[in-house]
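Every value quoted in this text rests on a predicted model; they were computed, and no experiment measured them.
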Amino acid sequence: MPITSDSELRTLLEETRTIALVGASDRPDRPSYRVMRTLQEHGYRVIPVNPQITGEHLHGEFVFRDLSQIGDPIDLVDIFRNSAAAGDACDEAIAAGAKAVWMQLGVVNEAAAARAEAAGLKVVMDRCPAIELPRLGVAKIA
């Protein structure tokens, strides 16, 4: 069952340190660009993932082609892809050993969520961590 309670959302955000952002954009007018910056300002390490801009740097971080290229442990995979494409991102998150997947506003994929949960990952759908952080009063990471 995906996480929906405020207490579970707060705990997930408080325990997270490293976020891989699938669908990161280098265009300032895109929501993923702003969300990445907001998460970084909150103290998270955010690793951008986008095959179209692989090898570039975004907000000071190297952009990876896919999750399998990231050598560091991933606490949470923030998915900025449409609902159909979220399935592949969830499968990559499972293979990469992530602890949780977070599907952005408007992104719901029940089958992918079930696969992720069966693999032991926490799942959030149709929410934005940049909105939830201030709403839940999550303190900045020191």
Side-chain angles (χ1 to χ4, degrees), residues 1-54 56-70 72-142:
M1 189 87 158
I3 293 173
T4 58
S5 77
D6 285 356
S7 63
E8 289 178 297
L9 289 167
R10 185 180 299 105
T11 298
L12 176 59
L13 290 167
E14 288 173 347
E15 292 176 350
T16 295
R17 293 294 176 268
T18 302
I19 299 171
L21 199 148
V22 175
S25 177
D26 59 353
R27 294 175 29 205
D29 62 318
R30 303 293 296 176
S32 64
Y33 182 93
R34 295 186 303 276
V35 167
M36 181 175 172
R37 172 58 78 203
T38 299
L39 294 173
Q40 285 179 318
E41 289 171 353
H42 204 79
Y44 297 106
R45 177 175 182 216
V46 185
I47 303 168
V49 177
N50 184 330
Q52 296 177 350
I53 55 172
T54 300
E56 296 180 24
H57 284 80
L58 181 58
H59 300 306
E61 289 282 349
F62 182 86
V63 181
F64 289 91
R65 181 185 71 246
D66 56 44
L67 294 174
S68 69
Q69 287 189 316
I70 300 172
D72 296 330
I74 302 166
D75 294 319
L76 185 144
V77 176
D78 188 5
I79 302 171
F80 266 96
R81 302 287 315 277
N82 65 39
S83 295
D88 289 341
C90 283
D91 293 339
E92 283 188 33
I94 294 165
K99 296 176 186 172
V101 291
W102 188 301
M103 298 180 218
Q104 276 292 332
L105 290 172
V107 182
V108 175
N109 186 320
E110 298 289 349
R115 289 194 306 274
E117 288 176 330
L121 281 71
K122 294 177 182 176
V123 176
V124 177
M125 293 192 291
D126 194 23
R127 292 180 185 258
C128 178
I131 292 171
E132 298 299 325
L133 288 167
R135 185 182 77 78
L136 296 170
V138 177
K140 286 189 176 186
I141 297 168

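Distance OG1/Thr16 to NE2/His42: 10.5 Å, rounded to 0.5 Å. A distance of 8.0 Å separates CG in Leu121 from SG in Cys90, rounded to the nearest 0.5 Å. Going from atom CZ of Arg17 over to atom CG of Asp72 covers 15.5 Å, rounded to the nearest 0.5 Å. Taken from CD in Glu41 to CE in Met36, the straight-line distance is 11.5 Å, to the nearest 0.5 Å. Rounding to the nearest 0.5 Å places CZ of Arg10 at 11.5 Å from CD of Glu8. Distance check: Ile19 CD1 to Asp78 CG gives 6.5 Å after rounding to the nearest 0.5 Å.
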Side-chain polar contacts of residues 133-142 - donor-acceptor pairs under 3.5 angstrom, sequence neighbours left out - could you list them?
from, atom 1, to, atom 2, distance (Å)
Arg135, NE, Glu132, OE1, 2.9
Arg135, NH1, Asp6, OD1, 3.4
Arg135, NH1, Asp6, OD2, 3.3
Arg135, NH2, Asp6, OD1, 2.7
Arg135, NH2, Glu132, OE1, 2.7

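The ring-ring contact (aromatic ring centres under 6.0 Å, His included) pairs that include a residue from residues 3-38 are Tyr33-His59, where partners are two or more places apart or lie in different chains. Listed by first then second residue, pairs satisfying salt bridge (Lys or Arg N to Asp or Glu O under 4.0 Å) with a partner in residues 107-116 read Asp91-Arg115, not counting sequence neighbours.
Taking each heavy atom of Ala86 and Ala112 in turn, the nearest pair found is O-CB, 4.4 Å. The two atoms that bring Val77 and Ala93 nearest to each other are CG2-CB, 3.7 Å, heavy atoms only. The two residues Pro129 and Gln104 come nearest to each other via the heavy atoms CD-NE2, 3.2 Å. Of all heavy-atom pairs spanning Ala130 and Leu39, the tightest one is N-CD2, 4.4 Å.
At distances below 3.5 Å, at least one donor-acceptor pair connects side-chain atoms of Thr54 with backbone N or O atoms of Pro51. Under a 3.5 Å cut-off, the side chain of Asn109 and the backbone N or O of Ser83 do form a donor-acceptor pair. Under the 3.5 Å distance criterion, the side-chain polar atoms of Arg81 are left unmatched by any main-chain donor or acceptor of Ala89.
Under the rule for a salt bridge (Lys or Arg N to Asp or Glu O under 4.0 Å), Asp88 has no partner lying at least two apart in sequence or in another chain. Residues passing the side-chain hydrogen bond (donor to acceptor under 3.5 Å, both in side chains) test with Asp26, sequence neighbours excluded: none. Applying the side-chain contact (heavy atoms from CB on, under 4.5 Å) rule to Thr18 yields the partners Arg45, Ile47, Asp75; only residues at least two apart in sequence or on another chain are considered. Not a single side-chain hydrogen bond (donor to acceptor under 3.5 Å, both in side chains) links Gln52 to another residue, sequence neighbours left out. For Asp66, the side-chain hydrogen bond (donor to acceptor under 3.5 Å, both in side chains) test picks out Ser68, with sequence neighbours left out. For the ring-ring contact (aromatic ring centres under 6.0 Å, His included) test, no residue two or more places apart in sequence or in another chain qualifies with Phe80. Scored by the side-chain contact (heavy atoms from CB on, under 4.5 Å) test, Ala24 finds Leu21, Pro48, Leu58 as partners (sequence neighbours excluded). Residues passing the salt bridge (Lys or Arg N to Asp or Glu O under 4.0 Å) test with Glu56: none are found, sequence neighbours excluded. Partners of Gln40 by side-chain hydrogen bond (donor to acceptor under 3.5 Å, both in side chains), not counting sequence neighbours, listed by chain and number: Arg37.
Side-chain atoms of Ile74 and Leu76, non-hydrogen and from C-beta on, never get closer than 4.5 Å to each other. Put simply, the side chain of Thr11 does not reach to within 4.5 Å of the side chain of Ile3, judged on heavy atoms. Thr4 places a side-chain heavy atom less than 4.5 Å from the side chain of Arg127.
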Trace of the side chain to side chain contact (heavy atoms under 4.5 Å, CB included) decision for Trp102 with Leu9
CA-CA 10 Å; Trp102 188 301; Leu9 289 167; 3.9 Å; yes
With side chain to side chain contact (heavy atoms under 4.5 Å, CB included) as the criterion, how do Val124 and Leu12 come out once you've worked through the C-alpha distance, each side chain's angles and the decisive distance to 0.1 Å?
CA-CA 10 Å; Val124 177; Leu12 176 59; 3.8 Å; yes
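Between Glu15 and Lys122 there is a salt bridge, since at least one side-chain N of the basic residue sits less than 4.0 Å from a carboxylate O of the acidic one.
Paired with Met103 under the rule side chain to side chain contact (heavy atoms under 4.5 Å, CB included), one option of Val108, Val123, Asp126 passes, and it is Val123.
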